[in-house]
Amino acid sequence: MDPDFLNVFTQSAALNQFGVENDIAQGEKRRLIKPTSHNNPRLEELKLFLIDWINTTLKQEHIVVKSLEEDLFDGLVLHHLLENLGSLKLDVDKIALTEKKQRQKLSVILEAVAKCLQLEENQLKWSVESILAKDLLSTLHLLVAIAKHFQPNLAIPPSVQVETIIFENTSRGLKTETTVEYITDTKENLEDQSNDAFDELFSRAPDRLDAVKQVFLQFVNQHVGKLGLNVKDIESQFADGVILLLLIGQLEGYFLNLRDFFLTPANTTEMLHNVNLAVDLLTDGGLLNFSVNSEDIVKGDMKTTLRILYCLYSKYKTKET
């Protein structure tokens with residue numbers, strides 16, 4: 001039997017329930033959370049977690065969010081959040097009072113998010129229109145993506161899933177489809193993500209480690225060589241943070257003021273200051289998508305140091321000297 005035949009009898013109630021009967025353009029698809037899933041305790045836990053995270057992050061801004069749907073649609077909170085987490089300076093007004101201004105503001109904000117997270121348009125689970133329409137599902141996906149990128153060690157509630165209903169306006173009428181959608185990673189995915197290529201390299205292919213080191217050494221010396229520097233040992237020469245800071249400056253195209261770091265650190269505290277500064281610069285530049293313990297680099301932990309270098313190498317390996 002043609003499933004569209006049954007849709008004729010079921011879509012009317014669904015349309016009334018969601019209030020979208022005259023609100024979906026020809027060829028458009030829209031995904032909404034089913035009302036029954038709104039009572040899901042895991043979903044409520046995630047909402048409360050994100051509200052608390054936003055309020056804690058923006059405490060100094062005196063911003064208080066009570067509802068994700070009602071308080072984020074105009075872009076004001078998202079604007080402050082991105083400036084606070086990513087030090088992003090967005091060329092938009094803080095407050096947008098009209099719908100036209102709000103749409104323009106959201107367009108700039110979401111474009112900045114996509115660029116920072118390195119997402120293509122077909123990978124986005126939100127849009128200007130869905131956020132502006134106070135769509136909870138899109139808002140949750142957006143906030144979780146921002147949180148995972150800027151604070152990867154944040155303990156976001158895992159395995160949050162909801163039932164959704166997809167509306168599609170076709171030439172034959174409105175089609176509906178029910179599906180289950182994950183908003184946060186499952187525990188299994190989180191465990192898989194904890195192991196990366198460098199874990200595999202150290203555990204399964206240690207014989208290739210020297211070759212990887214040589215690639216990074218060549219890359220580093222290609223860019224710091226013009227400063228009269230020559231790196232021969234990754235494990236020891238990156239521990240004080242100096243080479244790392246100078247390398248970041250060369251690649252990112254800015255001059256680091258000598259008053260901001262210790263060019264010849266005399267103790268562990270000064271070395272840690274340098275490394276912390278380097279990590280902050282990488283995070284602010286959107287190059288770091290995992291948590292880093294700066295002490296590991298100071299201690300000469302090879303795996304952590306290689307991960308940091310790879311962040312730079314993956315973006316600048318084709319950069320001319």
Side-chain angles (χ1 to χ4, degrees), residues 57 60 79-91 112-119 145-154 196 198 215-231 234-321:
T57 303
Q60 299 299 322
H79 191 170
H80 281 275
L81 197 60
L82 289 176
E83 285 194 338
N84 189 288
L85 292 171
S87 298
L88 300 177
K89 300 302 179 184
L90 304 176
D91 188 21
V113 170
K115 183 177 180 180
C116 194
L117 274 59
Q118 298 182 343
L119 295 175
I146 292 173
K148 285 172 61 179
H149 178 78
F150 289 108
Q151 295 186 333
N153 58 341
L154 198 65
D196 63 7
F198 289 100
V215 170
F216 285 157
L217 283 173
Q218 182 179 358
F219 167 73
V220 171
N221 287 321
Q222 179 184 0
H223 295 286
V224 301
K226 64 176 65 176
L227 299 176
L229 300 171
N230 183 41
V231 179
I234 290 178
E235 192 169 0
S236 63
Q237 288 185 266
F238 281 92
D240 63 8
V242 176
I243 297 292
L244 185 56
L245 284 170
L246 295 175
L247 176 63
I248 293 171
Q250 288 292 104
L251 294 171
E252 293 281 278
Y254 53 74
F255 174 75
L256 288 168
N257 196 311
L258 294 178
R259 291 177 296 181
D260 293 335
F261 69 103
F262 299 95
L263 189 59
T264 55
N267 51 52
T268 301
T269 301
E270 294 180 356
M271 293 166 65
L272 194 58
H273 169 87
N274 286 352
V275 175
N276 281 329
L277 176 58
V279 170
D280 288 343
L281 291 173
L282 290 171
T283 302
D284 293 344
L287 294 171
L288 202 61
N289 58 1
F290 56 89
S291 59
V292 173
N293 185 345
S294 299
E295 292 182 359
D296 288 339
I297 297 179
V298 173
K299 293 176 182 176
D301 181 74
M302 178 61 69
K303 194 183 297 184
T304 304
T305 304
L306 290 178
R307 284 191 177 109
I308 290 287
L309 290 177
Y310 180 73
C311 289
L312 292 165
Y313 174 79
S314 60
K315 180 177 181 180
Y316 291 109
K317 58 187 174 183
T318 59
K319 181 181 175 71
E320 296 293 335
T321 55

How long is the straight-line distance from [atom2] of [Y] back to [atom1] of [X], given to the nearest 0.5 Å?
{"X": "His223", "Y": "Gln250", "atom1": "NE2", "atom2": "CD", "value": "9.0 Å"}
{"X": "Asp280", "Y": "Ser294", "atom1": "CG", "atom2": "OG", "value": "7.5 Å"}
{"X": "Met302", "Y": "Leu309", "atom1": "CE", "atom2": "CG", "value": "9.5 Å"}
{"X": "Phe216", "Y": "Leu312", "atom1": "CZ", "atom2": "CG", "value": "9.5 Å"}
{"X": "Lys315", "Y": "Gln118", "atom1": "NZ", "atom2": "CD", "value": "7.5 Å"}
{"X": "Gln151", "Y": "Thr283", "atom1": "CD", "atom2": "OG1", "value": "10.5 Å"}

Requested in this report: Tell me, please, which residues at least two apart from Thr57 pass side-chain contact (heavy atoms from CB on, under 4.5 Å).
Outcome: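 Checked Thr57 against side-chain contact (heavy atoms from CB on, under 4.5 Å); matches are Trp53, Leu81, Asn84, Leu85.
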Query - By side-chain contact (heavy atoms from CB on, under 4.5 Å) - contacts of Leu119 (at least two apart) - result: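 Expected list: Leu117, Gln123, Leu124, Trp126.
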Check whether any side-chain heavy atom of [X] lies under 4.5 Å from a side-chain heavy atom of [Y], and answer yes or no.
{"X": "Asn274", "Y": "Val298", "value": "no"}
{"X": "Glu235", "Y": "Thr305", "value": "no"}
{"X": "Thr304", "Y": "Asn293", "value": "no"}

Requested in this report: Please answer whether the main-chain N or O of Ile297 pairs with a side-chain N or O of Asp301 as donor and acceptor at a distance below 3.5 Å.
Outcome: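 Here the side-chain-to-backbone pair does not exist.
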**Report entry** Ring centroid separation Phe262 to His273 under 6.0 Å
**Finding:**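 Close enough - the centres of the two rings lie under 6.0 Å apart.
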Give every donor-acceptor pair under 3.5 Å between a side-chain atom in residues 236-248 and any protein atom, sequence neighbours left out.
from   : atom 1 : to     : atom 2 : distance (Å)
Ser236 : OG     : Asp233 : OD2    : 2.6
Gln237 : OE1    : Lys232 : N      : 2.6
Gln237 : OE1    : Asp233 : N      : 2.8
Gln237 : NE2    : Asn230 : O      : 3.4
Asp240 : OD1    : Val242 : N      : 3.1

Report task. Decide side-chain contact (heavy atoms from CB on, under 4.5 Å) for Tyr313 and Val220; before the verdict, give the C-alpha distance in whole Å, the side-chain angles of both, and the deciding distance to 0.1 Å. Result -> CA-CA 9 Å; Tyr313 174 79; Val220 171; over 6 Å; no
Query raised in the report: Closest approach of Asn221 and Val231, non-hydrogen atoms and distance?
Result: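 Looking at all heavy atoms of both residues, the closest pair is OD1-N, 2.6 Å.
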